[in-house]
Colleague: 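Just dropping this structure here.
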Protein chains: 2
Amino acid sequence: MTTSAPVVVSRSTLKRLPLYLHVLEDLQRQGREYASCTMLAGKFDFAPILVRKDLEVTGAKGTAKIGFKVVDLIRDIKEFLGWHNVQDAFLVGAGNLGKALLGYKDFELYGLNIVAVFDADPRKVGTRVFNKEVLPMGRMPGLAKRMHINIGIVTVSADGAQAVVDAMVISGIRAIWNFAPAPLSIPDGIILENARLTQSLAVLSNNLKRTLQSE
Amino acid sequence: MTTSAPVVVSRSTLKRLPLYLHVLEDLQRQGREYASCTMLAGKFDFAPILVRKDLEVTGAKGTAKIGFKVVDLIRDIKEFLGWHNVQDAFLVGAGNLGKALLGYKDFELYGLNIVAVFDADPRKVGTRVFNKEVLPMGRMPGLAKRMHINIGIVTVSADGAQAVVDAMVISGIRAIWNFAPAPLSIPDGIILENARLTQSLAVLSNNLKRTLQSE
DNA sequence: TTATTATCGATAGAAAATTATCGATAAATC
DNA sequence: GATTTATCGATAATTTTCTATCGATAATAA
């Protein structure tokens, strides 16, 4: 097997790929066999050429006039994102957001399987969330090491986030998906991805403000 | 009053502004009076010049050697984002994610006040979520018009999303914050902002895949 | 007082992302 | 079978975003 060097692509492209994937899975359910960049672009008001460039990085090959084979394209995108192999993950913070994520069934389709939940609050420990028992924080490092967990999800408040991240790093976790609204410091080599709702809200608010102003 | 033309700035800048805001509010709580771009940049591993450029769009003025006055900068960013005036919003979809958003107290700091919750499921109607009664979908349009609601939040599943959005548009809602993983079509002039978790997850997964591959 | 340093603000330059162009090809139409 | 059309794939041009440079200024130190 020729292991080609991992391709680095822009964040923007990376964020558009799941959008295409959603649509493609929908098309697959509808029984469509082929999809063109023009058609995909139409769903999002993107330029067709942008979609073609994005798909290029996945290595998918299309044919003129008919486009890409839906099953192949789904496979190539998933493979490129690393979603073909499901990764086990730990979640820390059994608050509302944590519960919402635990209840989101589709994560497995996106390569993510949340296998355990932890919380520092003794009142939450022992309760069950979507059929998973909330475990005490103290057990996290040992279990993470033993189970070779690579992904940690942080859904605690801003205050506690840094401590949780530090514990995760010590436990051998390599990639952290952070939902806490706090800037976190991590050592080199650890992957940190922030999922901040307020960022998206900022774009919305500013657009609305401009619209209302120009009336 | 000289109403200057609304400034259009890049999405990237817009998404970084709330990050600075979080830090600044933290600094304010700590009693810091001034903050420099260099220091803010350090919190996020950004280039100081990038922060300076971002802040420029808000119209905030700093002084050499000391930086920006924290209170003024917070005010200018909030004003620029439209977060100085709190907007009332309706939320549709009282599932787990909907509940999580309802439970997020800080939205008011970010110009958002969720005043009512709706759901199409009769079993959910009448229940209370964070002290708000879940109302039937049928009442949404009338109430939205009467209360002059500008913002609608969609936390239903992908299937139901388009119908909810259509209803919102008819009800006079101008800006839609969508959490459903579906591409939505909206008429011109309506603002649509998608908050998609899978986008953020895609970046994380791809990074992790590349890290694991290169070992 | 004068020199030094950190930082701002403005302008210019570099890099990255997006869009356009064009030949090739496969299907559809005449 | 020839012509037209939609689309791909590759390369080039454009636009946008990010970074560097430089003079000005305010605080600090000598």
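Numbered from 1 within each chain, the chains take letters A, B, ... in sequence-line order.
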Colleague: Not counting sequence neighbours, list each pair that qualifies as a salt bridge (charged side-chain N to carboxylate O under 4.0 Å, His left out) and has a residue in residues 178-198 of chain A.
Modeller: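 Only A:Arg11-A:Glu193 qualify under salt bridge (charged side-chain N to carboxylate O under 4.0 Å, His left out).
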
Colleague: Grab the CZ-P distance between A:Arg11 and C:dT18 for me, whole Å please.
Modeller: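 Distance, rounded to whole Å: 13 Å.
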
Colleague: Any side-chain N or O of A:Arg16 less than 4.0 Å from the OP1 or OP2 oxygen of C:dT18?
Modeller: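 The answer is yes; a side-chain N or O of A:Arg16 sits under 4.0 Å from OP1 or OP2.
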
Colleague: Under the side-chain hydrogen bond (donor to acceptor under 3.5 Å, both in side chains) rule, what pairs show up with a residue in residues 171-183 of chain B, not counting sequence neighbours?
Modeller: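 Sorted result for residues 171-183 of chain B: A:Ser200-B:Trp177, A:Glu215-B:Arg174, B:Asn178-B:Asn194.
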
Colleague: Using a 4.0 Å heavy-atom cut-off, write out nucleotides 19-30 of chain C from 5' to 3' as B (base contacted by protein), S (sugar-phosphate only) or - (no contact).
Modeller: BB----BBB---

Colleague: Report the distance from atom NZ of B:Lys69 to atom C1' of D:dA27, rounded to the nearest whole Å.
Modeller: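 Checked: the NZ to C1' distance equals 16 Å.
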
Colleague: With sequence neighbours excluded, tell me which residues meet salt bridge (charged side-chain N to carboxylate O under 4.0 Å, His left out) with A:Arg16.
Modeller: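 If we apply the salt bridge (charged side-chain N to carboxylate O under 4.0 Å, His left out) test to A:Arg16, skipping adjacent residues, the hits are A:Asp54.
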
Colleague: List, one per line, each side-chain donor-acceptor pair under 3.5 Å for residues 63-75 of chain A, sequence neighbours excluded.
Modeller:
residue: A:Thr63; atom: OG1; partner: A:Gly67; partner atom: O; Å: 3.3

Colleague: Can you pull the salt bridge (charged side-chain N to carboxylate O under 4.0 Å, His left out) pairs that have at least one residue in residues 19-42 of chain B, sequence neighbours excluded?
Modeller: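 For residues 19-42 of chain B: B:Glu25-B:Lys78, B:Asp26-B:Arg29.
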
Colleague: Please tabulate, for the side chains in residues 107-115 of chain A, all donor-acceptor contacts under 3.5 angstrom to protein atoms that are two or more places apart in sequence or on a different chain.
Modeller:
residue: A:Tyr110; atom: OH; partner: A:His22; partner atom: ND1; Å: 3.2
residue: A:Asn113; atom: ND2; partner: A:Asp88; partner atom: OD1; Å: 3.1

Colleague: Under the salt bridge (charged side-chain N to carboxylate O under 4.0 Å, His left out) test, which residues partner B:Lys99, sequence neighbours left out?
Modeller: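 Partners of B:Lys99 by the salt bridge (charged side-chain N to carboxylate O under 4.0 Å, His left out) criterion come out as none, since no residue qualifies.
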
Colleague: When you measure from every atom of DNA chain C, which of residues 20-35 of chain B have a heavy atom less than 4.0 Å away?
Modeller: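 Here the set is empty: none.
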
Colleague: Please report the closest heavy-atom contact between A:Ala175 and B:Leu208, naming both atoms and the distance.
Modeller: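 A:Ala175 and B:Leu208 have their closest heavy atoms at CB-CD1, 4.1 Å.
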
Colleague: Got a sec, which residues hit side-chain contact (heavy atoms from CB on, under 4.5 Å) with B:Ser10, two or more places apart in sequence or on another chain?
Modeller: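 B:Ser10: side-chain contact (heavy atoms from CB on, under 4.5 Å) contacts with B:Ser12, B:Thr13.
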
Colleague: So how far off straight is the helix from C:dT1-D:dA30 to C:dC30-D:dG1, going by the axes through five pairs at either end, to 10°?
Modeller: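 Here the helix ends are tilted 10° relative to one another.
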
Colleague: Check ring pair (Phe, Tyr, Trp, His ring centres under 6.0 Å) between B:Phe130 and all other residues, then give those that pass, not counting sequence neighbours.
Modeller: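 Testing B:Phe130 for ring pair (Phe, Tyr, Trp, His ring centres under 6.0 Å), a comparison that skips the adjacent residues, returns none.
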
Colleague: Give the rounded distance in Å between these two atoms: CG of A:Leu40 and C1' of D:dA6.
Modeller: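 Answer to the nearest Å: 15 Å.
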
